[in-house]
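Note sheet for the following structure.
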Amino acid sequence: MFAQIIVDVPTMQTNQPYTYAIPDKFVAVVEAGMRVVVPFGKGSRQVQGFVVGLQDDYHGEVDLKEITDVVDVAPVLNAEMLELADWVARENFAFKISVLQAMLPNVMRAKYVKTVQLRDPALLETDAMLRDFFTDRFEVPLDDNHVTPEVLTALHKYARLGQVAINYQVGNRAKIKLVTAVKPILSAEKYDEIRQGLRPTAKKQARLLTYLMTASPNWIAQKEIIDATAVDYTTLKKAETNGWIQKGEIEQYRLPKLTSAITATEPLPLTEQQAHVFTTLSENLTDDAKSQTYLLEGVTGSGKTEVYLQAMATVLAQGKTALMLVPEITLTPQMVRRVKSRFGEAVAVLHSALSDGERYDEWRRIERGEARVVVGARSAIFAPLQDIGLIILDEEHDASYKQEENPRYHARDVALWRASYHRATVVLGSATPSLESRAHAQQGQYTLLRLTQRVQTQPLPPVSLVDMRESIKSGSDDLFSNELLEALRQRLARGEQSVLMLNRRGYANYVSCRDCGFTPTCVNCDLALTMHKVTNSLICHYCGYQEPIPKTCPNCGSQRIRPFGAGTQKVEAMLKEYLPTARVLRMDQDTTRKKGATDGMLEAFGNHEADILLGTQMIAKGLDFPDITLVGVLNADTTLALPDYRAAERTFQLLTQVSGRAGRADKPGEVIVQTYNPEHYALRFAQTHDYEGFYQYEMAIRKEWQYSPYYYTIQLKVLHESQTESARVAYEIADWLKPYLDLQTVMLGPSAGSVARLNNKYVYRIVIKYRQSAKLFEALDELMQAGQRLQRQKVTLLIDRDPVNFV
DNA sequence: AGCACGCCGACT
DNA sequence: GTCGGCGTGCTC
């Protein structure tokens, strides 16, 4: 027997299965999808690998090595996942091993331990350095980072001479938590009999026996018994020696705790629109023969979640499973509680805040079929569910569904693949669908469903745009217009809550005219130019165009053209000044870094412990408090000026989302948006809550400028410590690629990255816009091979397909 | 990633 | 003459 194995060596040349012989003792054990340990390379270093196939015979030239060890007792990846891994790797120019690892909980990734073994003790006599290194041991762990280069060279020298040996071991970090458990082994009658015979003072023993009488004859965690009966450890020990019970160990899941108990809820009655959507979905939910994707375009408050829950219930009733993805920041306890209250124990939750152990346990609950509903962020799309009936992507437009590091998969694509494999239903839900998805619906690939009315039929809040140019002229400062301050004061007086969003995004600086709102844009791309202080220039991060920073505004001649940007801390301080009595809760990266901080703050706000919630974009999503009657957006323009062709789309989505936060209960809400570009179409359409209008308008622009969804994009990034070197390689690649591009393919750049230096590496990039992929992808595959050689020269080449942002 | 092979310069 | 620098190819 022979096994095809993908080894844990993430390089292009090793991105293929290697054949290994299966020793007799493992023949009956090894299956595809298991992790194994194999010798690899000249020194037969032990590495982890995944069995991706088995075969009975082998006719190749090479004499095969044998599998050293089998890590798993059962496959951790089934046939579906192995096939999916191949596809994800191919589509995203990623290594197979990286994809396989991304599919599994972190703890299942191999941990390598390097040790040095002293073979020739005589060395210690002659070499004082080695004496210090080995002290009194014969084998010591070797961590390259904690050993001086001198010692390292010496060790390598002795290793060549065979006087020391460098060993590689593969460790397993996945720890199953075991707890001491107790099992009743006698009948209830017998326990009763013993209890009757106890001395009257033996109260603890009596309590234990009473408990055992009614206990099921299964393993019970010791802690559970102690908690229930208030006996102590010695009582149980005695019970064991008396032969009343058996002691042992059982596996225990590390279940992430919720702060309060969950009460079961029933499906809510559906509105007419919801019912219509649900009925349409049901056609495919109950159809085992084909997969169908629905785009659910529903305004905030239209009750998408209730439709999701009932659709999930439908597939569960058929014995199938359901998967629901939400953006990480939306995955709040509130959200989890809502799903758990409907499906109870059947729900597993996967998100980044879990510890490695918790995540591993949730994964196993799913893998064993104990959890049939999964709620999670991006990576939960790889949840080991079987027989999936429904996959939901809520807030489907959200950029966090695309992984920004290798493997750079998009959860939406994976969802569609898995759904097609299981002939399952996909629901993409959003108040503001991505243009790509909306266009797919237009073309009929997706079925478009709409929820246009809010459940409680309250209207969407009126949105007013405050022209900051005017406001500043009339004496207000550039952070708070008089209109916004007045509105805040009103809410404060009425005891109502407000949300303020400072739409600060990243650190990209741009310049804008304080008098006319003009922001210099690229002549080729219609994108805002980014300010580079070092070179004193404005640069287009898309195509590389640059011009000097203007001293006066090219539009109105004003001298007040300057860099833009303000932080939450400054805003908080200003608020204190203007509204000294207001209790302000600030939510941003700084205040929410600690685990659980976000939940605590949202709870505090829900309990009216603050009047104003001030935050960055994170507050736009998913928070749902009835008493918010005012939403203020301090500077709507920052996302607009991002060097990204999706800037308008992002801005529209964000404004629409944050507007939906105002006035959800019986109180009407109001939204005030401060801007220097009140005439911009993204703001205009957001003002009237007109998604369809925005869609039509933006599509025309995308068509004209040849952007997605009319063209696909690929972004190549070249990184190197030296700017000239990364530029040189980028140009070399661009020249090499040119002959492979067809007439409909456009190459932009190379240009300097928007953050010119990242982790001390200079970034150059090339953007390719294309419609036909076959030839281009062949070229890129070849480029991947070349990328390996570049790696030697410390040049990193990244290939990002359909990048979601260019910053 | 890590190891060997091989070709160049600077030393015992 | 050899030790060791790192550029290149290969790992079942």
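Please read these numbers as outputs of a predicted model, since none were measured by experiment. Below, chains carry the letters A, B, ... as their sequence lines are ordered, and counting in each starts from 1.
- In this structure, the CD atom of A:Gln16 is 10 Å from the C1' atom of C:dC10, given to the nearest Å.
- Side-chain nitrogen and oxygen atoms of A:Tyr20 include none within less than 4.0 Å of the OP1 or OP2 phosphate oxygen of C:dT11.
- Rounded to whole Å, the distance from NZ on A:Lys42 to P on C:dC12 is 9 Å.
- Rounding to the nearest 0.5 Å places CD1 of A:Ile6 at 10.5 Å from OG of A:Ser98.
- Across all strands, A:Tyr58 comes closer than 4.0 Å to no nucleic acid atom at all (heavy-atom distances).
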Quiz prompt | Verdict with supporting geometry, A:Arg378 and A:Glu328, salt bridge (Lys or Arg N to Asp or Glu O under 4.0 Å) | solution = CA-CA 7 Å; A:Arg378 178 182 60 233; A:Glu328 184 72 50; over 6 Å; no
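- Remark: P of B:dG2 and CD of A:Gln46 are 14 Å apart, rounded to the nearest angstrom.
- Aromatic ring orientation, A:Phe2 versus A:Tyr58: tilted (interplanar angle from 30° to 60°).
- In the set C:dC12, B:dA1, C:dG9, the nucleotide with an atom closest to the side chain of A:Thr11 is B:dA1.
- Remark: the backbone N or O of A:Leu790 is not paired with any side-chain donor or acceptor of A:Gln793 at under 3.5 angstrom.
- Summarising the geometry, the separation between NZ on A:Lys794 and C1' on C:dC6 is reported as 11 Å, rounded to the nearest angstrom.
- We find that CE of A:Met12 is positioned 15 Å from C1' of C:dC10, with the value rounded to whole Å.
- What separates CD of A:Glu61 from P of C:dT11 is a distance of 12 Å, to the nearest Å.
- If you take CD1 of A:Ile6 and C1' of C:dT11, they are 14 Å apart, rounded to a whole angstrom.
- Whole-Å rounding puts the A:Gln793 CD to C:dG7 C1' distance at 10 Å.
- For A:Val9, counting side-chain heavy atoms from C-beta on, the closest listed nucleotide (C:dC10, B:dA1, C:dC12) is B:dA1.
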